Participant: 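If you scroll down you'll find the structure; I have some questions about it.
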Amino acid sequence: MTIQSRDYWFERAQGLKIEGRAYIDGRYVASVTGETFRSVNPANGLGFVDVASCDVRDVDIAVGAARRAFDGWARMAPADRKKILLRFAELILANRDELALLETLNVGKPITNTTTGDIPSAANCIAWSAEAIDKIYGEVAPGAWDMTTLVVREPLGVVAAVVPWNYPMSMSAWKIGPALATGNCMILKPAEQSPLSAIRLAALATEAGVPDGVFNVIPGFGHTAGKALGLHADVDCITFTGSTEVGKYFLQYSAQSNAKRVSLELGGKSPHIVLADCSDLDGAAKAVAAGIFANAGQVCNAGSRLIVEEGIRDAFLERVVSIAKALSPGDPLDPATRLGPLVDDTQLGRVLDYIDIGQKEGARLVAGGARTLLDSNGYYLSPTVFDGVSNSMRIAQEEIFGPVLCALTVRDFDEAISVANDTIYGLAAAVWTDDIRKAHRAAKSLRAGVVWVNCFDKGSMSAPFGGFKQSGFGRDKSLHALEKYTDLKSIWIAH
Ligand code: NAD
């Protein structure tokens, strides 16, 4: 795929007309209070659009619209919902450049990544769910000859999705695809740092033929709009992606309101193990670096803990450090840029605090560690590597969510597995080894929802994604995601 030139993106960004209002019942609306907040471009720290700041009143209106639309959408034949959602996916692709630009301006993700990754993968997710929905059958349970027992799946009703800022389009699509395909109506609350692509997406849904009220977008803050969705008595399900801390709030909101269903995709501190028998140290080093520096480390499954066997430690770390030092951040609108800024000044401050904590804990800084490209006023940080990390340090246990790699040295395979599992998280893990028995043993021993062997960050719509332990429960992607948005019903017919 050809990526447009730097000039094209800068020019297009200048002329972009950006919508900041909420989208409820098939049209754009200001928040009830008229309040707005300002979206900031992380590449230069400048505000560039006012966005509706929704609260409990807007949530109430959106939930009402979704509830009214539910019967019509849920009763539509799956093949008809499929057609509409496939059209929706086509429109996302047709508007790829605009959506990619919104995402890049809003969160600082390099334009090459948004055009070739985030936007097409969101379209693919929605198309995949749409394609699946008229190929899934119910069951006829075995029983007496004068009784027919059907086991069917039905949509839950009104689903609220609350999502983070690190992959705004993809994280939203992972919820929108399966929730709408199964016949639910939806309210999407994007993160306050990244509302713009979601707001644009809503109008594309209407253009594709999604009936009014079926898909609504409520921008706003977590403690107002997010909390109101969590506590709403007429929301049947919360599908959440974000931090473990906030995920736990949603369990409380559910308990305090209507025992709504909650599924949680939460944080991670993924171990990336390299064993001494790995013959492809160059390949492993590239994967380790990409695993922590991609998206400036703002990735839930980032391989933030490198666990390396002592025999190859020096040779391996040298390779990773030299990749880190060669990787310089740049303007995300430049197609040559591979590493953009962090999402905002809060996130930059948080990551710099952890770099300070790591040094005070006694870890050795061997690459990066400081803010860079200061003249731009953007939130840029050099790729950072800590050596001499022990697993009890805070930098090894807490999710930093930035381009910071912690290297831990272990004596052997057993210690590698035990250190890898010594965390509250269990989202993903990886191991590099030439020994097939160790590969299988590691894959079974690692307590994580996804395990990669001799690769990292592989995924497709055909395999589920989600975590063990405090990385959450419920799965996005694959046919298993459809289960989250449906309930089983047994129907007994006497004859
Ligand atoms: P966050 O938890 O701060 O926010 C996520 C969402 O929750 C946002 O929409 C926010 O507005 C809302 N929110 C915040 N406080 C709230 C409250 N008190 N009540 C209700 N809603 C509230 O997370 P973030 O900083 O946006 O994203 C980073 C986190 O997301 C990281 O922990 C990362 O690991 C996680 N994440 C997980 C996955 C996964 O699939 N497991 C994927 C991407 C990101």
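Atoms considered below: every heavy atom in the structure, side chains included; atoms not considered: hydrogens, waters and symmetry mates. One-based numbering, in listed order, for ligands and for the atoms of each. It should be emphasised that the depicted structure is a prediction, and the values quoted were computed from it without experimental measurement.
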Participant: Listed by chain and number, what are the ring pair (Phe, Tyr, Trp, His ring centres under 6.0 Å) partners of Phe240, not counting sequence neighbours?
Facilitator: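 With sequence neighbours excluded, Phe240 shows a ring pair (Phe, Tyr, Trp, His ring centres under 6.0 Å) to Phe250, given in chain and number order.
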Participant: Pairs under 3.5 angstrom, nitrogen or oxygen on both sides, ligand 1 versus protein: list them out, please.
Facilitator:
{"unit_1": "ligand 1", "atom_1": "2 (O)", "unit_2": "Ser243", "atom_2": "N", "d": "2.8"}
{"unit_1": "ligand 1", "atom_1": "2 (O)", "unit_2": "Ser243", "atom_2": "OG", "d": "2.6"}
{"unit_1": "ligand 1", "atom_1": "9 (O)", "unit_2": "Val163", "atom_2": "O", "d": "2.8"}
{"unit_1": "ligand 1", "atom_1": "9 (O)", "unit_2": "Lys189", "atom_2": "NZ", "d": "3.1"}
{"unit_1": "ligand 1", "atom_1": "11 (O)", "unit_2": "Lys189", "atom_2": "NZ", "d": "2.9"}
{"unit_1": "ligand 1", "atom_1": "11 (O)", "unit_2": "Glu192", "atom_2": "OE1", "d": "2.6"}
{"unit_1": "ligand 1", "atom_1": "11 (O)", "unit_2": "Gly222", "atom_2": "N", "d": "3.4"}
{"unit_1": "ligand 1", "atom_1": "18 (N)", "unit_2": "Tyr253", "atom_2": "OH", "d": "3.3"}
{"unit_1": "ligand 1", "atom_1": "19 (N)", "unit_2": "Gly222", "atom_2": "O", "d": "3.2"}
{"unit_1": "ligand 1", "atom_1": "19 (N)", "unit_2": "Tyr253", "atom_2": "OH", "d": "2.7"}
{"unit_1": "ligand 1", "atom_1": "21 (N)", "unit_2": "Gly222", "atom_2": "O", "d": "3.4"}
{"unit_1": "ligand 1", "atom_1": "25 (O)", "unit_2": "Trp165", "atom_2": "NE1", "d": "2.9"}
{"unit_1": "ligand 1", "atom_1": "26 (O)", "unit_2": "Trp165", "atom_2": "NE1", "d": "3.2"}
{"unit_1": "ligand 1", "atom_1": "30 (O)", "unit_2": "Gly242", "atom_2": "O", "d": "3.4"}
{"unit_1": "ligand 1", "atom_1": "32 (O)", "unit_2": "Glu399", "atom_2": "OE1", "d": "2.6"}
{"unit_1": "ligand 1", "atom_1": "34 (O)", "unit_2": "Glu399", "atom_2": "OE2", "d": "2.6"}
{"unit_1": "ligand 1", "atom_1": "41 (N)", "unit_2": "Leu266", "atom_2": "N", "d": "3.3"}
{"unit_1": "ligand 1", "atom_1": "41 (N)", "unit_2": "Leu266", "atom_2": "O", "d": "2.7"}

Participant: Centres of the Phe401 and Trp165 rings: under 6.0 Å?
Facilitator: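 Here the rings of Trp165 and Phe401 have centres that are less than 6.0 Å from each other.
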Participant: Name all pairs fulfilling the salt bridge (charged side-chain N to carboxylate O under 4.0 Å, His left out) condition that reach into residues 105-128, sequence neighbours left out, sorted by first residue then second.
Facilitator: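 Applying salt bridge (charged side-chain N to carboxylate O under 4.0 Å, His left out) to every pair that reaches into residues 105-128, excluding sequence neighbours, yields Lys109-Asp118.
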Participant: Are the ring centres of Phe465 and Trp174 closer than 6.0 Å?
Facilitator: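 Yes, ring centres under 6.0 Å apart.
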Participant: With Arg261, which residues qualify under salt bridge (Lys or Arg N to Asp or Glu O under 4.0 Å), at least two apart?
Facilitator: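 By the salt bridge (Lys or Arg N to Asp or Glu O under 4.0 Å) rule, Arg261 matches Asp487.
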Participant: For Arg305 and Asn391, does a side-chain donor sit closer than 3.5 Å to a side-chain acceptor?
Facilitator: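 Side-chain D/A pair, Arg305 to Asn391: present.
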